[in-house]
Amino acid sequence: MIRPCRFYPNPETAADNAFQREADRRPDALTLAARTEFDAAVQTLRAAAVKVHLFEDTAEPEKPDSVFPNNWISTHHDGRIALFPMYSALRRRERRHDIIEDLRQHYRVSEVIDYSRFEEEGCCLEGTGSLVLDHVNKIAYVSLSNRSNPTVIRRFADDFGYEPVTFTSIGIDGQPIYHTNVMMCIGTNFALVGLAMIPDKAERQEVQERLQTSGKEIAELEPQQVANFAGNAIELHDPNGKKLLVLSKRAVPTLTEAQQSMLTHHVRLIPLRLPTIELGGGSARCMIATIHLPLL
């Protein structure tokens, strides 16, 4: 997780991120509020016995979305790290090799695969924002958008041995969902997914069938729940293997009793209060770059 140095909604990403909001405060005030929310989130995660590697954002160059590292880096069980091509020029500054070097002090890193050269061709794939990965069944679910290019999807899938399942999902504004991870979350035994937001019947059916055949109990999210970040969640675990679901505090009251009952059968809910950070168009899941690397 990366503690922001300068936070404000990124003007370069506003056009296709319907979750982003204009702020009525100056960047200094926004940054202070975002840092307070970030610190409380880290404290909550550590209180739940989640191991958090915390990095400070660098002041220069300015990076308004640095609090969302899951878009530029992913780590994998075989020791490989992927670096991803980003849509916004401001966000390309977020890739930091010093963070990778720090991870090498704790984990075995066998290779770093850098896809950032695809930016020169106008092709993007924004990490585990674009890719919702079923690590167990090696399936990569991707909602296509400006941020998720089929060429880069195929390259990643071939390199890392995932089967891509691609589709288009449409938000309440009538535009394609910008990142898969706002409308879909995959846990060990469950999935949260806005199936109703996939207009193509065949695509919708394929996503549902793949989730079911891979053993996931499905909670279908309505568009209004997705708009409140109910899909932007991540399953983590504590040192004893107890499963936790980290999500926005704003999302919890939108979940039905049946959905909450299903989820609490599989995980303990860990809500985070993130109203300022969510102005940037992402929530709890976007703030967490999960570490799957083998320990040294």
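Predicted, not measured: the structure shown is a model, and the values here were computed from it. Heads up: numbering here begins at 1 and tracks the sequence.
With hydrogens and angles disregarded, a donor-acceptor distance shorter than 3.5 Å links the side chain of S214 to the backbone of L211. Although no hydrogens or angles enter the test, the distance criterion places no donor-acceptor pair under 3.5 Å between the side chain of N228 and the main chain of A230. The backbone N or O of K201 sits nowhere less than 3.5 Å from a side-chain atom of E206 that would complete a donor-acceptor pair. Using modelled atom types, one side-chain atom of T31 and one backbone atom of F7 make a donor-acceptor pair closer than 3.5 Å. Not one N or O on the side chain of N71 forms a donor-acceptor pair closer than 3.5 Å with the backbone of G127. Between the D238 side chain and the V50 main chain, no donor and acceptor come within less than 3.5 Å of each other. Within the 3.5 Å criterion, the main-chain N or O of H179 finds no donor-acceptor partner in the side chain of S143. Listed for the S283 side chain is no donor-acceptor partner under 3.5 Å among the backbone atoms of N232.
Listed by chain and number, the residues in a side chain to side chain donor-acceptor pair (under 3.5 Å) with S261 amount to none (sequence neighbours excluded). Every ring-ring contact (aromatic ring centres under 6.0 Å, His included) that H106 has, sequence neighbours left out, goes to H53.
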Solution key, residues 156-165 side-chain donor-acceptor pairs under 3.5 Å, sequence neighbours excluded:
from: D158; atom 1: OD1; to: R154; atom 2: NH1; distance (Å): 3.3
from: D159; atom 1: OD2; to: Y115; atom 2: OH; distance (Å): 2.8
from: Y162; atom 1: OH; to: H135; atom 2: ND1; distance (Å): 2.9
from: E163; atom 1: OE1; to: R210; atom 2: NH2; distance (Å): 2.9
from: E163; atom 1: OE2; to: R210; atom 2: NH1; distance (Å): 2.9

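Residues I81 and F84 do not share a hydrophobic cluster, clusters being chains of Ile/Leu/Val/Met/Phe/Trp/Tyr side chains in contact below 4.5 Å. Under the 4.5 Å side-chain heavy-atom criterion for ILVMFWY residues, no single connected hydrophobic cluster contains both I73 and L90. With hydrophobic clusters built from ILVMFWY side chains whose heavy atoms lie under 4.5 angstrom apart, L131 does not share a cluster with L192. Cluster membership for I170 and I198, using ILVMFWY side-chain heavy atoms within less than 4.5 angstrom, is not shared. When the side chains of ILVMFWY residues are joined at heavy-atom separations under 4.5 Å, either directly or via intervening members, L103 and L54 end up in two distinct hydrophobic clusters.
T276 and A33 get closest at one heavy-atom pair: OG1-CB, 3.5 Å. The shortest heavy-atom contact between I218 and Q208 is CD1-O, 3.9 Å. Smallest separation of non-hydrogen atoms from R80 and L293: O-CD2, 3.8 Å. The shortest heavy-atom contact between M1 and M287 is CG-O, 3.5 Å. Of all heavy-atom pairs between I2 and E56, the closest is CG2-C, 4.3 Å. Nearest heavy atom pair, residue R285 against residue N181, reads CD-ND2, 3.2 Å.
Between L279 atom CG and L30 atom CG the span is 6.5 Å, to the nearest 0.5 Å. Separating the CE atom in M197 from the CZ atom in F167 is a distance of 10.5 Å, to the nearest 0.5 Å. In this structure, CG in D134 is found 5.0 Å from CD1 in I186, a value given to the nearest 0.5 Å. S66 contributes atom OG, which lies 8.5 Å from atom CZ of R96 (distance to the nearest 0.5 angstrom). The CD1 atom of I177 sits 9.5 Å away from atom OG of S145, with the distance rounded to the nearest 0.5 Å.
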Exercise. H77 and H292: ring pair (Phe, Tyr, Trp, His ring centres under 6.0 Å), yes or no, with the steps?
Worked result: CA-CA 5 Å; H77 294 92; H292 300 278; 4.9 Å; yes
Problem set entry | Trace of the side chain to side chain contact (heavy atoms under 4.5 Å, CB included) decision for F38 with L274 | CA-CA 8 Å; F38 177 90; L274 306 165; over 6 Å; no
For this session: Take L125 and S130, measure what side chain to side chain contact (heavy atoms under 4.5 Å, CB included) needs, and give me the verdict at the end.
Result: CA-CA 6 Å; L125 185 67; S130 297; 3.6 Å; yes
For this session: Apply the test side-chain hydrogen bond (donor to acceptor under 3.5 Å, both in side chains) to residues T58 and K63: give CA-CA distance (whole Å), side-chain angles for both, the deciding distance (0.1 Å), then the verdict.
Result: CA-CA 8 Å; T58 53; K63 302 173 290 298; 2.7 Å; yes
For this session: Test salt bridge (Lys or Arg N to Asp or Glu O under 4.0 Å) on E119 and R95 and set out the steps.
Result: CA-CA 13 Å; E119 290 166 352; R95 290 186 294 261; 2.7 Å; yes
Problem set entry | side chain to side chain contact (heavy atoms under 4.5 Å, CB included) between L255 and L221, worked out | CA-CA 8 Å; L255 298 172; L221 298 177; 4.2 Å; yes
Problem set entry | Trace of the salt bridge (Lys or Arg N to Asp or Glu O under 4.0 Å) decision for R147 with E126 | CA-CA 6 Å; R147 318 286 188 95; E126 296 193 331; 2.9 Å; yes
For this session: Take Q259 and E220 through the side-chain hydrogen bond (donor to acceptor under 3.5 Å, both in side chains) test and state the conclusion after the steps.
Result: CA-CA 8 Å; Q259 289 170 334; E220 292 195 37; over 6 Å; no
For this session: Apply side-chain hydrogen bond (donor to acceptor under 3.5 Å, both in side chains) to the pair H266 and T264, showing each step before the final yes or no.
Result: CA-CA 5 Å; H266 297 294; T264 53; over 6 Å; no
For this session: For the pair M86 and W72, evaluate side chain to side chain contact (heavy atoms under 4.5 Å, CB included) and give the outcome as yes or no after the intermediate values.
Result: CA-CA 7 Å; M86 308 287 279; W72 65 265; 4.1 Å; yes
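Checked against E278 for a salt bridge (charged side-chain N to carboxylate O under 4.0 Å, His left out), the options K249, R273, R250 give a single hit: R250. Just one residue in the list D28, D57, D65 forms a salt bridge (charged side-chain N to carboxylate O under 4.0 Å, His left out) with R6, and that residue is D28.
At least one side-chain heavy atom of N70 sits under 4.5 Å from a side-chain heavy atom of C286. Contact check for V207 versus L195: side-chain heavy atoms found under the 4.5 Å cut-off. In this structure, the side chains of L83 and I100 come closer than 4.5 Å at one or more pairs of heavy atoms. The side-chain heavy atoms of T128 and L133, taken from C-beta on, include a pair separated by under 4.5 Å. By the 4.5 Å heavy-atom criterion applied to side chains, E235 and V267 are counted as neighbours. Contact of the V193 side chain with the K216 side chain is not registered, since no non-hydrogen atoms from C-beta on lie closer than 4.5 Å. Residues V67 and E37 have side chains not in contact (no heavy-atom distance under 4.5 Å, counting atoms from C-beta outward). With a 4.5 Å cut-off on side-chain heavy atoms, T188 and V136 do not count as touching.
Within a 6.0 Å sphere centred on CD of E121, heavy atoms belonging to other residues, nucleotides or ligands number more than 12. Around CD of E101, the count of heavy atoms belonging to other residues, nucleotides or ligands within 6.0 Å exceeds 12. Within a 6.0 Å radius of NE2 in H237, no more than 12 heavy atoms belonging to other residues, nucleotides or ligands are found.
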